[in-house]
Every structure is written in C-alpha cells, then in structure tokens.
Amino acid sequence: MVAAMLVRSALSWVPRGPRRDARRLTGPALGRRAPALLGAALALSLGCSGAAPAPVARQAPVVKTPPAQPKAPEGPPLLPARVIAELDDEDATPYFARRGDEALLLHAAGGRFRTRLLGADGAPRGDAVDAGPVAADVPVAALRATPQGYIAAWIEQIEGSRAVRVLALDPAGKPSAPASLVAQTAEEISWLDVLPNAQGALVLWEMPREAQGDAARAGVAHPGVDRVDVVMTVVAQGKGAAIKPTAPASVAREVLGWNAVATERGAAVALVLPPAAPRGRGEGKPARKAEAEDAAEDGKLGSVALLEIDAAGKVSAPVVVSPEPTAQIDLEIASLGGRYLLTWTDERDIDGAVYLAAVEPGGKVVVAPRQATPPSGEQALVSLVAPSQGGGGRALLAWEDLLRARGGEVGGAGARGPGRLIHLASVGPDGTLGAERAGLVFSASGPPDIAADGDGFAAVTLAPATLKMARDGAAAPPVWPTFVRFGPDLSVRAAEPVRAAPFAATDGVPYLVRGLTCHAGACATLASAAPGPQPGGAAGAAGARAPLALVSLPVRESAWRAPAFREDKDPPPRATAVRALAEGDSVAEVAAVELDGGAALSAWVTYFVEGASDAAPRGQEVSATLAVRAVSPGGLGKLSVLSQKASSLGGVAIAAAPPLPADAKGKGAAQGESVIAWVARERGETQVYLTKVDATGAKIAQKKLTTAPRKKQGGAASEASDVAIAYDGAGGFIVAWIDTRDGNAEVYAARVDRALNRTAPDRRITNAPLDAAEVQIAVRGQEVWLVWSDARTAGGAAAGGAAGQAGAAAGAGAAGQGGAVASGGAAAGGAAGQGDEPGGDIFLARLDAKTLQRIGDESRLHASSEHSRSPVLAPLEGGLFVGWIDEPADESGGGAGAGGRARLVRVDGNGAVQGPPVVVSGPDGAAVSSLALACDKICRGVLASAPGDSVELNAFTLAPGDVSAPSLKPLAWLTGGASQDVSPAFAGRSGASLFFADDAVSGSGRVRWMTITWP
C-alpha cells in the first residue's frame, strides 16, 4: 500500500542563509520552522483548478524541471516507460497506489474521476473506468490500497463550504457505490489522509484554528495558522458492499502539528502539543534578550505525544513522549519492529537537532527522546521512511545539516555545485542509526521523494546531470530529476536521470515527476509533460493534454554520474561535530584556549554600535556582551556572562596557565586558571581589563590593566582596542593591545603576575607615522613575539632587522607570487604605500619577556601593494608560522579593494623569514575573509570565504618547507550572510577544536564549537 507522492522537477534553490543586511526581515519564523527550508517554500497546488496549497507540514515531495537548460548530454539510453493517461493540465494531480503485484491510477479528466488498473510491469489492464463526478476544486486527495480493494478520499469546495467525500473501489478500480459525503462545513479543511486497516480505513483530516485561550492572551499567536484540529471518520468496507462512514469525531484539538501511521489495529497518531506555560530563559542567551525571544517562540514549539485509534474509532488518551516544549512541527512517525518510531526537529539545545523516540503499542516509551545524529549545528528533519514488507527491518532517516558542505555534481563530500546535501542513515527499532551514511544532492527547496526498495531504498531527486566521462570544468550541466537506488548498506546500486520517450520534445525529461513506488525489486515513478502541444500532435492545438507515463527505474549499468555517495568513506579533514555555545546578538570576535583533558574555554564579545541599541534597561549603561563557556568531551559547561559593558572593537583574547605546584604542606596542586583580556567602555572611555576564570569559566578575579586618560579637549577621546594575551611561562601573563593615547594607533604591551598585579609598566612598542592594528602575541622561551598590521609606507619601516637579510622585494609581480621579504625601505615599487593611501603590511617585533624591551628592530614580513590584515600566530618547533589576509588595493591605488587571499610564512627562532610566503586562495577564487592556524609537527588551518551567498569554511594542512599552495577541503557552509566575519579560532596546537561565530537562520548570532578530524 503506497501513498501517492508528488515530486516536482524545477523550483529555484532557496539560499541557505539570509544576508546580514536582511537578516532581521526574515524573522524568527525561519529559524523556528526549519521545515520551511525543506518544504514550505513550495507554494504549489496539489489538486485541480488553482486550489489552496496544503499546509507546511503536509507538503508532498515535489521536483519541477527548470525551463531553461544547458544543452543535454548525448548518448545514454532512455528509461522504459508507458503512457497510462492524459492530464487536462499540470494541476490535475494523479494519485497512485500499489496492491500486491497490481496498482491503480486515479486522476481527474473532463470533470470525472477515472481509474485505471495496471499490472506489475506497468502495462494497463483494460480501459479507464469512470469513477464518478469530480468537483472543480479538489485541493487534496488520497488513494490507498485495502484488503478489499482501494479507498479514495478528497476535499472539495461546495458553494463556499468545504466537504470531505470517500469513495470505495474494488480491486479492479470500479466504484462499489457513489462517493459518500462524510463532512461539510463552512470552515477550512486543509489536509486529509486515508489509513487502511484489516476492516476498512480511518480517514483523518485537519482544520486550521487560531490560537485560543492562554496562548492568544499571551500574545504569542502570529498571523496565519497557529493550531489545527484533527478529525476522523471510520470507514467499514465490506466485500462488494457500499461503505458506511461514521459521523465525524474529534481526535485532537488545537495541536501544533500531527502525523499518523496505519496499523492492522487502526492507527497511531503523533502530536505536537502547544506548551502549557511559557518556558524559562533559554541557556546560552543573554538575559536582556531571552525573555522576549522565548515568549515569541512559545507558540511555535511544543511537546510530543502519541495516541492510538482502534479500527472502531476509539481514541486512547495521549501519552507524552517528549515533555520538553522544544519540538518543531515536522514530526514523523513510522511503524518499525512492532514499535512506533517518532522523529522530529528539536531545539532544546539552541541549535535545531533531529531527535528520535520509540513507543510500544499501548503507549509505553521504550526509547526516551535522544538526539539521533552527532551535533552538527542547525539540523532539519527531511523524512522518515518505513521499510518495505519483507525488507531489512530498518527504516531510513533523512535530514539536512545546515552547516555541512553542500553537494555537487561530482559526488563526494568535497563536491561543489548548486545543490543541498541530504544525509541518509538506516535506523532500527531501538532508534540507533547504522554506521553507513549516504549523501544525496537535491537542487531545490523541498524534500526529495524517497521510498523503501526491497532491502534498500530509492529516491527521486533534482540534481545536475553529468556523464561519468565528462571533463571537469566543462559547461554547467542541466538540472534534471534523477533517480537513485540504494542497497541495504546505502551504497548506490543505480542512478540515472528520469528520461523517457514520451517526453522527447524536452530531451526526454518530464515536467513533473511524482509518486515513487517500489515492489518486488522493481521501482517506478509517475512523470508528466507540461500542458501544450506534444510530439505528433497538432502544433498550437488548443486544449492539448499532457501525457502521464509510468517510468521504470531499473538497476543497470549507466554512463551517468550518481548524485549520491557514501559519506562514511569521506577522508579527513572533516567536521565530526558542531555545537552552539550561545545565542543572542551578532558576534564581533571569538577567542579560545586549550585546557587539560581535551577541555577548552571559549570567550567572545558581541557586536555593538554606540547609540544603535535600545536593549539597555532604563538607567543602565550597556555596550557589547563579554561571555565565556567551557567545553569538554563530556559536553558544555555553564555560560558565564562576564560583562555587558565591553567594547566590540576592543576584541577578546584568552590564555591559560598550568596548575600551581603543590604547597609546602603537600596538598594537591590547584586547578589551572585562564586570563581573559578585553576592553570595557565606561562613561564613554575604553580601558583594558583582565579577568581571571577557572576551568569552568567562573570569574575568580578582575582588574583594570590600563588607566590612561582618554578624553581630550577639542578632539576625540583616545581608544584601546585589539587585545592579545599569552602566558609567559614563568607564572605571569604578557598583554598587548593597540592604543591611540599618543595620537597614532600604536602597539603597547604590559606584564602581570598570576594575581593580575602589574609587574612591568605599559610599554609602547611601535613608533611609526601611521596606524598599527590587530596585534597578536606568542611567547617563545625568554622572548615575546608580536605581529601586527601596520599602515606605514615601505620607507617608514625601521631599518635593519632579521627580515631585512632576505633581500629586497621584487615588486608587485613577485609579491603576488610570494616574493622575498623587504625591510628598511628597500622594497621596490610593489611595496605597500605607493598610492596616496598606505596599504598596510605585517610586522614582527621580538621583546625580552621580563623587561618588554625590544630585541633588535621591527621587521616587515612581506611587502606588497596589497592591504595586509588579520595576522595569526602559530608556534612551531624552531620558530613559528604567521598567516594573514591580503586584500588587493582598490582602483584608485590605495586602500583595500575587493577580493583577498591568505599568505603563510615560516619564521625561524631568530625572526628570519624562511622562504617566500605560501599563497592560499579561496575556493573558486572566492575572497578569503579570515584565517585560523594551529601547528605542532605540521600546520593545520581553516579559511573562511564566501564563494556564494554565505560563508564557507575550508580546511588545509601545510608542512614546514612546503612552498606550493595546499589543497582545500570543505568543512561547512555557514547559515549567516556572506558579509559576516566569523572570527575562527583554534584552541590548542592540534587544531582539533575550532570556535567561530555564525548568524543562525533566524538572524540571531551564535558562537559555535566544531571538532575536526585531521589526517
């Protein structure tokens, strides 16, 4: 018994994340209704004559072939197909159900319902049967096989009211009696389904309701449908006798969503119930935002419950499966191994995640709700597909990770292309996912059509169509509906575009593909052409009808490249888990440090514009938020908000000190402590602060580091910004920052002991005519190394220095290919500052760790006409690696222009550059926006770039001595806009933990923790 499913072939792909300048316009509904990313964007009719679409939770899979296509590849054969009907127009939806080796087609034509019986091979058995009149407006219908034959039910419009009708059909598709009117009402009826059982069937439908009672009074209702009532009738189908529907009866009232599965005893109905009371403040949200956001979201998430209906229509009391009011409405249920398996998208841990639970008949919860897959950022459930009778006994779970790499036409996790990546895994009755994972590319906004296929599964998706022998870099391929057949281990058995002779006018590609079914090892799908003249008909004939064909999907050798692959065979580097640490305002900068036992601390400061926020409580001064959170292999620690008076431009940095040695009495060593450097803004002035925290992120002590007078008569106040900090190896910390107290922005440094007491005064490190920025720090033995971006011209560089020994730069051409280092004004015309405005280069200074006196002169690491910014340091045996971003100068010859790439250079223990910089460009030439770097025996890095409308993270490795650019491996596409600076930061030298910022689909800022497996 197979429900008719609709897969339409060409809707434009929906961007994964809103741009920053539009994110507040998207509203929280996008984030709280993740199914919208998978189905809600498909605003199409599922019936005749432009009827209203089904609600979000009931969209059928739809794939529609794009009208404008590149030239089709030549050569591969077409698929076997039989024309089984002709449709009046594209909205005349056909319905299809299998019953053993036979199948029945139901469709509307000429104002009548018509049925046609088909054999196992799809060949029609006799002529079409007139099944009775059909109304002009039938938005939703369903056809199901029963032991006695078939039952069809539909919703129709009757003189301003809605009605539900039911029609019984014998095994040959002939009506047993005229259709019965089950219900008629002036209210909306938005969805309907038929659930067969041994005695007949239950027909369930839903009626939209506005929120009532406490929810409406609390102001959480929103325009549109807030709740639905679920109503049913019992249909008894005797042998050769007319059906006898019972009077409509209530199943559930004012639920957020529901789904049902037929059983031999009747049906099981899963419900998403609205919360009984507002939730408390969400973990990870700043206090001043959480109350309002949670109140607005209470009406959109709910708890999960289950009830059963017997064949006579008796409804059991609901059993609570998941009491947390955090479930989205995309609830799915399947019968598996004598249990009910429930799955949904859940938001109890900031990010949406796919959850599973199992319930025995009678209501006993045998598998408590738990996350089905490793955390991977925001997830969205796609579908749950029950196994076929006699299959492998495992269902198929399909979901999307919104932070994982996109799919593409070449297959594999490293593929790039115009598709989303749907993840597939088998799941057993205990809710445990199999180790085998597959990825399926889908180049549209709705879910693919998936069905059980013997001991495996089959899917119809929309994907780029390329031949296996096609050359890389060739012209863009056409995007066609394509089938894939998977084995029980999710290996690809076969894959081809859905192309058949009835659609020769469009290269064999149908306009609509729907109703994927499989039986006894054979799979087929319905496909139809667009309305209009067809080959062999009169050109331009009025009222031309569209052929409907049943296309076979065989397992055979194919020249086509499959849009699916085994993900578990994807080689590292790859992201193994992604968790959200916090949600709230957009994030300006992220820092991290490694602790013992695989734990880490991450600190961040949010983005705040002076005078642009009304979030401060009356009488309080509020700026950016500074927060910290501990992470470990065991989970997340408590979020600690350290200040709401931080400066976004001040940034944030963190360094860890080892535990103190045992005291004289032999007591155990104290725990390790970390110090966070940041900038506070109070009464319009900025000063550098230090906050000491323990391994959990709890504050131990806090002191102001700088006390410089900031306000000036007749001019702007001086500012502190761009903090950096490092443990000095002797029980204290070295702090560096940028300060404008003396006019220009210059690098300053200071030293404190473990109690945060100053042990060396503020020392100005640089003295240049133009500004310094973005200082970074590392300690090597008795030396402190600083790197920063400096806007001084080449002539303004300090003379001498170890880097000057490398010779003069070879001009702009050499710089573009990693030319030699220049210093002391020796750079040629390619050096920074040849225009009216300086470009900025990366400089290095070495200091004595005790006195902070400079050792030798500053050195320029690389001179070019580009604007060099955002340096990062990674200590390495015998020296360190320095990386930064170079942005081309604009057309006027000064300042930063569009584009950007990373440069990496190795510096030895004396501060001398070892060889030319290695240049790393973004994928497909995309501009690189930020860089994270960690080194032990080799270096591991992550680039952030924006090849499209959002940011992509790519991983690479680099060994000392490498001179060629490393290859990039996609780690994740983020959900925030392309203009976002995600500020990636590694914790520790292994590169196993990466922390970064990202805007969620809803627009809220999030800090994320990614664990990475490296080669």
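Along the sequence shown, the residues carry numbers beginning at 1. Heavy atoms only: backbone and side chains are in, while hydrogens, waters and symmetry mates are out.
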Do R989 and D936 sit within salt-bridge range, that is, some charged N less than 4.0 Å from a carboxylate O?
no

Test item: V787 and F843 side chains (from C-beta on) under 4.5 Å apart, heavy atoms
no

Are any of the side-chain nitrogens in K850 or E783 under 4.0 Å away from the carboxylate oxygens of its partner?
no

With no hydrogens and no angle check, do the side chains of W1009 and S602 hold a donor and an acceptor under 3.5 Å apart?
no

Closest heavy-atom pair, V605 versus S647, reported as atoms and distance to 0.1 Å, is CG2-O, 3.9 Å

What residue pairs, at least two apart or across chains, pass salt bridge (Lys or Arg N to Asp or Glu O under 4.0 Å) with a residue in residues 761-772?
R741-D762, D742-R764, E746-R764, R758-D762

Donor-acceptor pair, S718 side chain versus T740 backbone, under 3.5 Å?
no

Who passes ring-ring contact (aromatic ring centres under 6.0 Å, His included) against W788, sequence neighbours left out?
none

Do E866 and R903 meet the salt-bridge criterion of a basic N to acidic O distance under 4.0 Å?
yes

Can we say R754 and D728 salt-bridge, meaning some charged N sits less than 4.0 Å from an Asp/Glu carboxylate O?
no

Answer yes or no: is there an ion pair linking R846 with D857, defined by an N-O contact shorter than 4.0 Å?
no

Keeping S648 on the side-chain end and F608 on the backbone end, is there a donor-acceptor pair under 3.5 Å?
yes

Between R869 and E774, does any side-chain N to carboxylate O distance fall below 4.0 Å?
no

Do we see a donor-acceptor contact under 3.5 Å between the side chains of D908 and Q914?
yes

Give a yes/no verdict on a cation-pi contact between R780 and W785, requiring under 6.0 Å between NZ or CZ and the six-membered ring centre and an angle within 45° of the axis.
yes

Any donor and acceptor pair, going by atom type alone, linking the side chain of W678 with main-chain N or O of G651 inside 3.5 Å?
no

